[in-house]
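What you see is a predicted model, and the numbers here were worked out from it, not measured in a lab.
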Amino acid sequence: MTKFFWPFALTALLLAFVASLTLGDRAIPLPEIWRALTAPDGSEAHLVVTAIRLPRNLMALEVGAALGLAGALMQALTRNPLADPGLFGVNAGAGLAVLAGVSLFGITA
């Protein structure tokens, strides 16, 4: 079952990655994206791809992988397939940090 899942998951990830590069306020065609990645010339479309869309996509992949790894580790360490951050008090600790930031340091923005 799982060996058939990975090709479909990777294909969906690749399609979403490419769609995120091409779609936006201004759609950029695939040949233009390829030129922006291989030989950028400083045009507006190339700057949008190399300075905004590509870093955003790469960061999204990294964050998704980190969150997936964190969840898998939490479930493996507790040997509980339903483990969540509330189990370790992560939510309560984050709430305490927000409360301390607002009340002690006046951070409101």
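Rounding to the nearest 0.5 Å places CD1 of Ile52 at 8.5 Å from CG of Leu47. Atom-to-atom distance recorded for Leu73:CG and Thr78:OG1 is 10.5 Å, nearest 0.5 angstrom.
Looking at every heavy atom in both residues, Gln75 comes nearest to Pro81 through NE2-O, 3.1 Å. For the residue pair Pro55 and Ala51, the shortest heavy atom distance occurs at CG-O, 3.6 Å. Scanning both residues, His46 and Pro40, for their nearest heavy atoms gives ND1-CA, 3.4 Å. Between Arg53 and Arg26, the shortest heavy-atom contact is NH2-O, 2.8 Å. Nearest heavy atom pair, residue Glu32 against residue Ser43, reads OE2-OG, 4.3 Å.
Remark: side-chain polar atoms of Ser20 are not paired, donor with acceptor, to backbone N or O of Ala16 under 3.5 angstrom.
No option in Leu77, Asp84, Leu82 other than Leu82 meets the side-chain contact (heavy atoms from CB on, under 4.5 Å) test with Asn80.
If you chain together ILVMFWY residues whose side-chain heavy atoms come under 4.5 Å of each other, Leu58 ends up grouped with Leu13, Phe17, Leu21, Ile28, Ile33, Leu37, Val48, Val49, Leu54, Leu61.
The hydrophobic cluster containing Leu30 also contains Leu14, counting ILVMFWY residues as joined when their side-chain heavy atoms lie under 4.5 angstrom apart, directly or transitively.
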